[in-house]
Protein chains: 2
Amino acid sequence: MDPKTQARFEALAAVIKAMAHPTRLFVVDQLSSRERCVCELTDLIGADVSTVSKHLAVLKAAGIVASEKRGSRIYYNLRMPCVLSFFGCVESVIKSVARESLGHVE
Amino acid sequence: MDPKTQARFEALAAVIKAMAHPTRLFVVDQLSSRERCVCELTDLIGADVSTVSKHLAVLKAAGIVASEKRGSRIYYNLRMPCVLSFFGCVESVIKSVARESLGHVE
DNA sequence: TAATTATTTGGCATTATAACCAAATCGCCA
DNA sequence: TGGCGATTTGGTTATAATGCCAAATAATTA
């Protein structure tokens with residue numbers, strides 16, 4: 001693989017890896033309707049605040065979300081709504097795999 | 001997060017995690033035009049065959065690719081072409097982040 | 001200023017990934 | 001059947017990711 005191609009797929013993988021976690025996907029999903037502060041997300045997720053904060057940092061570093069400070073809170077919003085279009089595709093993969101494991105052959 | 005929602009996002013994350021690697025994305029991209037045998041992919045990637053084989057196993061377990069044995073070779077094909085639609089979205093994220101790091105402020 | 005709420009950061013233990021080599025299989029054909 | 005090319009599997013080691021706790025920072029208000 002030539003260096004340029006290598007770099008391209010490394011960049012792609014970095015963003016996709018940032019989404020590759022249940023909690024972070026949940027955050028993306030939640031932010032698709034509206035922005036949320038860390039405290040709201042923490043309540044919804046039910047993990048330690050520090051854990052949620054680190055997940056948000058991962059999403060932010062990848063450019064998937066952005067944050068805005070207002071008062072004592074920090075609100076996160078979804079910067080790339082197009083990632084949502086991916087959910088449907090992935091769920092079709094999941095359904096297809098489920099069908100097979102139930103005995104469906106081809 | 002309730003158990004059902006948890007399960008949903010865990011399933012989504014499992015598939016996305018399977019794509020979250022430069023080599024595996026490269027494979028998906030290669031398979032988008034046509035099927036390839038392990039030996040072809042190995043040549044294109046330039047890693048050890050065993051490494052490539054394991055990456056393919058990850059993609060297959062997630063339902064992203066399927067394989068078919070013909071003769072002494074095993075051909076892999078892309079089962080879910082919709083994942084390709086994601087590449088454009090992710091690359092727009094990458095460009096956007098690049099613009100910012102070059103000094104673009106809002 | 002002290003107390004309070006919101007968020008991030010550092011540290012640490014646990015678990016998961018990735019890559020290579022070597023060895024085991026699998027299929028094909030002389 | 002013996003051997004060869006193709007592929008997977010096992011083992012090992014190095015690196016990265018995750019989650020919690022505790023502590024640090026920041027903004028708010030009494």
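Values reported hereafter were calculated over all heavy atoms of this structure, with side chains retained and with hydrogens, waters and symmetry mates removed. So you know, we letter chains A, B, ... as the sequences are listed, proteins then strands, and number each from 1.
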Flag this pair as yes if the NZ/CZ of A/Arg36 is under 6.0 angstrom from the six-membered ring centre of A/Tyr75 and inside a 45 degree cone about the axis; otherwise no. no
Going hydrophobic residue to hydrophobic residue with side-chain gaps under 4.5 angstrom, can you get from A/Val83 over to B/Ile94? yes
Between A/Val38 and A/Val58, is there shared hydrophobic-cluster membership here, with clusters defined by ILVMFWY side-chain heavy atoms closer than 4.5 Å? no
[X] [atom1] to [N] [atom2]: how many Å, rounded?
X	N	atom1	atom2	value
A/Met19	D/dT18	CE	C1'	19 Å
B/Gln6	D/dG19	CD	C1'	14 Å
A/Leu59	D/dT18	CG	P	11 Å
A/Ile45	D/dG19	CD1	C1'	13 Å

Select from A/Arg70 and A/Lys17 the residue whose nearest nucleotide in DNA chain D is closer to the 5' end of that strand. A/Lys17
Base-contact (B) and sugar-phosphate-only (S) positions in nucleotides 4-15 of chain C, heavy-atom cut-off under 4.0 Å, - elsewhere: --SSBBBB----
What's the closest nucleotide to the B/His21 side chain, out of D/dG19, C/dA19, D/dA27? C/dA19
Does any non-hydrogen side-chain atom of [Y] lie less than 4.5 Å from one of [X]?
X	Y	value
B/Cys37	B/Ile74	no
A/Asp29	B/Arg8	yes
A/Ile64	A/Arg79	no

Under a 4.0 Å threshold between the charged nitrogen and the carboxylate oxygen, would A/Arg70 count as salt-bridged to A/Glu35? yes
Can you check whether B/His55 has a side-chain N or O nearer than 4.0 Å to OP1 or OP2 of C/dA19? yes
Using a cut-off of under 3.5 Å, enumerate the N/O to N/O pairs linking the protein to nucleotides 1-3 of chain D.
none

CG (B/Leu41) and OH (B/Tyr76) are apart, to the nearest 0.5 Å, by 9.0 Å
